[in-house]
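Working notes, structure below.
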Amino acid sequence: MSDLISKLEWRYATKKFDPSQVVSQDKIDFILEAIRLSATSSGLQPYEVLVVTNKAIREQIKPHAWNQGQITDSSHLLVFAAWDNYTAERINQMFDLTNDIRGFKNEGWENYRAMLLNTYPQRDAETNFQHAARQAYIGLGSALIAAAELKVDSTPMEGFDPVKVDEILGLKEKGLRSVLLLPLGYRADEGDWLVKLQKVRRSRDQFVTEIN
Ligand SMILES: Cc1cc2nc3c(=O)[nH]c(=O)nc-3n(C[C@H](O)[C@H](O)[C@H](O)COP(=O)(O)O)c2cc1C
């Protein structure tokens with residue numbers, strides 16, 4: 001079978017990157033494509049990914065991310081930024097894109113569009129943002145697996161102040177709010193307290209319930 005599980009065992013939330021090692025563009029593109037192809041609720045893709053390589057900007061982010069060294073030592077910093085709200089315009093854009101790409105309009109699909117238009121924009125912005133943010137987490141999962149597949153190291157991160165990161169990256173003006181950071185790179189030979197420790201997970205029995 002696939003060697004994916006051994007790659008997922010190899011993956012860990014990297015604590016120290018080797019700042020001299022750069023992830024090649026084709027590997028970054030592979031990871032971004034895995035994120036882009038992720039499932040989202042109603043296919044709305046309500047988030048974007050920023051790829052930050054700019055050192056000065058990463059230095060600015062670091063103090064607002066618990067001073068975590070991975071922000072600046074990694075090769076690339078991905079920022080997952082979710083829509084701050086669902087608007088009729090955003091919903092229509094995705095439904096129109098679907099019709100454009102598929103080359104036809106479908107009554108069931110148009111009824112579904114109307115249902116979302118009658119529901120989402122009327123909800124409060126925070127509820128909509130939280131829903132959009134959950135979709136970004138699915139993309140994070142894809143990114144973690146895709147990076148492991150290429151033996152690229154990564155650190156999923158919620159440990160940052162999103163308001164500050166939004167300010168630094170000008171996300172508010174774009175109707176986005178930062179949700180997750182994902183530094184990518186290669187683990188350092190020394191100085192990572194976690195790298196040699198065993199992975200800890202509850203046993204399958206404690207995790208999976210089979211209902212036959
Ligand atoms: C959503 C999310 C946020 C996390 N935030 C951080 C973080 O800010 N800094 C960090 O070093 N690790 C962070 N982690 C890593 C987790 O602590 C780690 O995934 C968990 O302990 C399991 O270990 P493993 O990923 O090494 O197998 C985060 C993980 C996830 C999924």
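In each ligand, atom 1 is the first atom listed, and ligand 1 is the first ligand listed.
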- Answer side chain, backbone, both or neither: which part of Gln198 comes under 4.0 Å from ligand 1, heavy atoms only. neither

- Message: With nothing but distance in play, are any N or O atoms of Tyr12 less than 3.5 Å from an N or O of ligand 1?
- Response: no

- In this structure, CZ of Arg58 is separated from CD1 of Ile71 (nearest 0.5 Å) by 8.5 Å

- Identified side-chain contact (heavy atoms from CB on, under 4.5 Å) partner of Lys105 from the options Thr98, Asn99, Asp96: Asn99

- Quick check: does Leu140 get an N/O under 3.5 Å from an N/O on ligand 1? no

- Query: Can you find a side-chain donor-acceptor pair between Thr14 and Tyr186 that sits under 3.5 Å?
  - Reply: no

- Contact check: Pro156 vs ligand 1, nitrogen or oxygen atoms, below 3.5 angstrom: yes

- Note on the structure: If you scan protein heavy atoms around atom 5 (N) of ligand 1, the nearest is Glu158 N, 3.0 Å

- Contact bool for atom 17 (O) of ligand 1 (protein heavy atom, d < 4.0 Å): no

- Item | Minimum-distance protein heavy atom relative to atom 8 (O) of ligand 1 | Gly159 N, 3.0 Å

- When you check the side-chain N and O atoms of Thr127 and Asp124, is any donor under 3.5 Å from an acceptor? yes

- Message: Give me the nearest non-hydrogen protein atom to atom 26 (O) of ligand 1 as residue plus atom name, then the distance to 0.1 Å.
- Response: Ala13 N, 2.9 Å

- Item | Heavy atoms of other groups near Gln25 CD, more than 12 under 6.0 Å | yes

- Message: Closer than 4.0 Å to some heavy atom of Arg11 - which atoms of ligand 1 meet that?
- Response: 24 (P), 25 (O), 27 (O)

- Message: Under 4.0 Å from atom 20 (C) of ligand 1, can you find at least one protein heavy atom?
- Response: no

- Query: Trp83 vs Tyr86 aromatic rings, parallel, tilted or perpendicular, using cut-offs 30° and 60°?
  - Reply: perpendicular

- Item | Any N or O of Trp66 closer than 3.5 Å to N or O of ligand 1 | no

- Task: Below 4.0 angstrom from a heavy atom of Gln70, which ligand 1 atoms are there? Numbered from 1 as shown, please.
- Result: 11 (O)

- Item | Residue Lys15 vicinity, atoms of ligand 1 by number, heavy atom under 4.0 Å | 10 (C), 11 (O), 12 (N)

- Heteroatom distance test (Gln68, ligand 1): nitrogen or oxygen, under 3.5 angstrom: yes

- With backbone taken as N, CA, C and O and side chain as the heavy atoms from C-beta onward, which portion of Phe160 lies under 4.0 Å from ligand 1: side chain, backbone, both, or neither? neither

- Using only heavy-atom distances, determine whether the side chains of Glu89 and Gln93 contain a donor-acceptor pair under 3.5 Å. no

- The reported gap from CD in Glu149 to CG in Leu144 (rounded to nearest 0.5 angstrom) is 13.5 Å

- For atom 27 (O) of ligand 1, what's the nearest protein heavy atom and its distance? Lys199 NZ, 2.4 Å

- Task: Look at Glu33 together with Arg36 and state whether they make a salt bridge at an N to O cut-off of under 4.0 Å.
- Result: yes

- Query: Of all the atoms in ligand 1, which lie at a distance below 4.0 Å from a heavy atom belonging to Arg201?
  - Reply: 22 (C), 23 (O), 24 (P), 27 (O)

- Message: Tell me whether Lys55 at atom NZ has more than 12 heavy atoms from other residues, nucleotides or ligands lying less than 6.0 Å away.
- Response: yes

- Task: Below 4.0 angstrom from a heavy atom of Tyr137, which ligand 1 atoms are there? Numbered from 1 as shown, please.
- Result: 1 (C)

- Task: Check for a donor-acceptor pair, side chain of Asp18 on one end and backbone N or O of Arg187 on the other, with a separation under 3.5 Å.
- Result: no

